[in-house]
Engineer: 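Encoded as structure tokens, here's the structure I'll be asking about.
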Amino acid sequence: MPDSLAAATQRARVRVPLRFPDGYTADAELVTFHGLADGLEHVAVVLGTTEPGTTPLVRLHSECLTGDVFGSARCDCGPQLREAVERIGRRGGVLLYLRQEGRGIGLYNKLDAYALQDEGLDTYAANAALGLPEDARDYTAAAQMLSALGIGELDLLSNNPDKADQLRDLGITVHDRVPTGVFATPANVRYLRAKVIRTQHTLPLGELAGAHLA
């Protein structure tokens with residue numbers, strides 16, 4: 001971690017059994033922190049056991065109330081969360097649940113952006129039309145959390161190259177970026193295609209182009 005980046009410390013650890021709507025269960029340890037740069041209540045979800053000599057699998061998952069809690073089909077966040085917990089649990093690693101609703105613009109602004117998407121704008125253009133950043137997320141706190149957990153090297157479960165780039169700039173060694181599954185629905189295919197075209201997410205564009213639009 002760069003010398004200029006203040007160190008965070010672990011605040012508390014508590015074991016929490018997880019259960020998903022499809023019946024999948026997992027034992028997790030949730031970790032909270034002191035000293036995070038943005039002052040938000042991010043949580044680390046520690047899953048599985050990382051064997052000696054094995055690089056932990058890590059996902060930075062931005063909070064999505066509509067997808068993670070209500071099962072919205074307008075994004076792929078809920079399925080990605082479910083997938084990540086199982087994949088990390090099998091291998092050993094950490095899911096960082098980051099309070100970055102709507103790529104950092106907040107819930108109300110995200111819903112306003114949804115209304116503009118219904119008028120034909122893509123997810124990034126809708127943010128811009130509201131005078132907001134296309135992606136306001138900063139992963140300084142994520143790097144602090146990883147360092148506090150003793151993780152300096154990892155494989156990153158993500159389709160988003162910016163996450164890996166930011167972590168590397170913050171002193172975290174990202175060996176491999178492991179793509180998630182593709183969770184396309186008629187309601188989210190335009191959103192997924194925009195992520196490929198606008199921010200170079202590693203999703204199969206040809207497969208998405210063949211999907212039916214809502």
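Heavy-atom basis, side chains included; hydrogens, waters and symmetry copies ignored. The shown structure was predicted, so the numbers you read here are calculated from the model rather than taken from an experiment. Along the sequence shown, residues are numbered consecutively beginning with 1.
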Engineer: Is there a side-chain contact between L167 and L146, using heavy atoms and a 4.5 Å cut-off?
Structural biologist: yes
Engineer: How far does CD of E86 sit from CZ of F20, to the nearest 0.5 angstrom?
Structural biologist: 9.5 Å
Engineer: Please give me the minimum heavy-atom distance between A26 and V85, naming the atom from each residue.
Structural biologist: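 Nearest pair, atom of A26 first, then V85: CB-CG1, 3.9 Å.
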Engineer: With no hydrogens and no angle check, do the side chains of Q80 and T180 hold a donor and an acceptor under 3.5 Å apart?
Structural biologist: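 Per modelled atom types, Q80 and T180 side chains form a pair under 3.5 Å.
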Engineer: To check you understand the geometry: which heavy-atom pair defines the closest contact between L57 and V178, and what is its length?
Structural biologist: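 Shortest heavy-atom contact: CD1-CG2, 4.2 Å.
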Engineer: Any side-chain heavy atom of R82 sitting closer than 4.5 Å to one from Y24?
Structural biologist: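 Touching, per the 4.5 Å side-chain cut-off.
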Engineer: For Q144 and A37, indicate whether the former's side chain and the latter's backbone hold a donor-acceptor pair under 3.5 Å.
Structural biologist: yes
Engineer: Looking at CG of L81 and CG of L95, how far apart are the two atoms once the value is rounded to the nearest 0.5 Å?
Structural biologist: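 These two atoms lie 6.0 Å from each other.
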Engineer: With a sphere of 6.0 Å drawn around CZ of R11, does it hold more than 12 non-hydrogen atoms of other residues, nucleotides or ligands?
Structural biologist: no
Engineer: Side-chain contact, heavy-atom cut-off 4.5 Å: Q117 with T123?
Structural biologist: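 Heavy-atom side-chain distance check passes, below 4.5 Å.
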Engineer: Which residue in the set D118, T185, T66 passes side chain to side chain contact (heavy atoms under 4.5 Å, CB included) when paired with R74?
Structural biologist: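 Single pass found, and it is D118.
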Engineer: If you compare all heavy atoms of L36 against all heavy atoms of M145, which two are closest, and at what distance to 0.1 Å?
Structural biologist: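 Minimum heavy-atom contact is CD2-CG, 3.7 Å.
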Engineer: Do any pairs count as a salt bridge (Lys or Arg N to Asp or Glu O under 4.0 Å) and have a residue in residues 49-62, sequence neighbours left out, and if so which ones?
Structural biologist: none
Engineer: Answer yes if the side chains of D169 and Y139 hold a donor-acceptor pair under 3.5 Å, and no otherwise.
Structural biologist: no
Engineer: Enter the distance from L132:CG to Y124:OH here, rounded to the nearest 0.5 Å.
Structural biologist: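 With rounding to 0.5 Å, CG (L132) is 14.5 Å from OH (Y124).
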Engineer: Return yes if some donor-acceptor pair links the side-chain N/O of S147 with the main-chain N/O of A143 below 3.5 Å, else return no.
Structural biologist: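 A pair under 3.5 Å: yes.
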Engineer: Could you walk me through whether Q100 and S62 pass the side chain to side chain donor-acceptor pair (under 3.5 Å) check?
Structural biologist: CA-CA 5 Å; Q100 300 172 329; S62 296; 2.8 Å; yes
Engineer: Is it the case that one hydrophobic cluster holds both L157 and L47, taking links as side-chain heavy atoms less than 4.5 Å apart, direct or via other members?
Structural biologist: yes
Engineer: Where the side chain of E153 meets the backbone of T55, is there a donor-acceptor pair that is under 3.5 Å apart?
Structural biologist: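 No; judged by distance alone, with no hydrogens or angles, the pair does not exist.
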Engineer: Please check if the side chain of R190 supplies one atom and the backbone of G120 the other of a donor-acceptor pair under 3.5 Å.
Structural biologist: yes
Engineer: Do E101 and L65 come close enough that some side-chain heavy atom pair is under 4.5 Å?
Structural biologist: yes
Engineer: How long is the gap from NZ on K163 to CG on D135, to the nearest 0.5 Å?
Structural biologist: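 One finds 9.0 Å between NZ of K163 and CG of D135.
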Engineer: Do the side chains of R15 and D27 get close enough for a salt bridge, i.e. N-O under 4.0 angstrom?
Structural biologist: no
Engineer: Show, in sequence, the C-alpha distance, side-chain angles and deciding distance for D138 and T140, and conclude whether the side chain to side chain donor-acceptor pair (under 3.5 Å) test is met.
Structural biologist: CA-CA 6 Å; D138 177 277; T140 300; 2.6 Å; yes
Engineer: Nearest 0.5 angstrom please: L98 CG to H42 NE2, how far?
Structural biologist: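 NE2 of H42 is found 5.5 Å from CG of L98.
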Engineer: Side-chain contact, heavy-atom cut-off 4.5 Å: N109 with L111?
Structural biologist: no
Engineer: Give a yes or no answer on whether the side chain of R103 reaches the backbone of E134 with a donor-acceptor pair at less than 3.5 Å.
Structural biologist: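 Judged by distance alone, yes, a pair lies under 3.5 Å.
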Engineer: Measure from the side-chain N and O atoms of E83 to the backbone N and O of G181, and report whether any donor-acceptor pair falls under 3.5 Å.
Structural biologist: yes
Engineer: Please answer: with hydrophobic residues joined when any side-chain heavy atoms are less than 4.5 Å apart, are I172 and V58 in the same cluster?
Structural biologist: yes
Engineer: Considering non-hydrogen atoms only, spot the tightest contact between K110 and C64 and give its length.
Structural biologist: NZ-SG, 3.4 Å
Engineer: Does D155 come within less than 4.0 Å of R91, counting only side-chain N to carboxylate O?
Structural biologist: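 Yes, this pair counts.
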Engineer: Show the nearest heavy-atom pair for residues P133 and N127, with the distance to one decimal.
Structural biologist: O-ND2, 3.1 Å
Engineer: Just how far is it from atom CZ of R177 to atom CG of N160, taken to the nearest 0.5 Å?
Structural biologist: 7.5 Å
Engineer: Considering non-hydrogen atoms only, spot the tightest contact between L116 and A126 and give its length.
Structural biologist: CD1-O, 3.6 Å
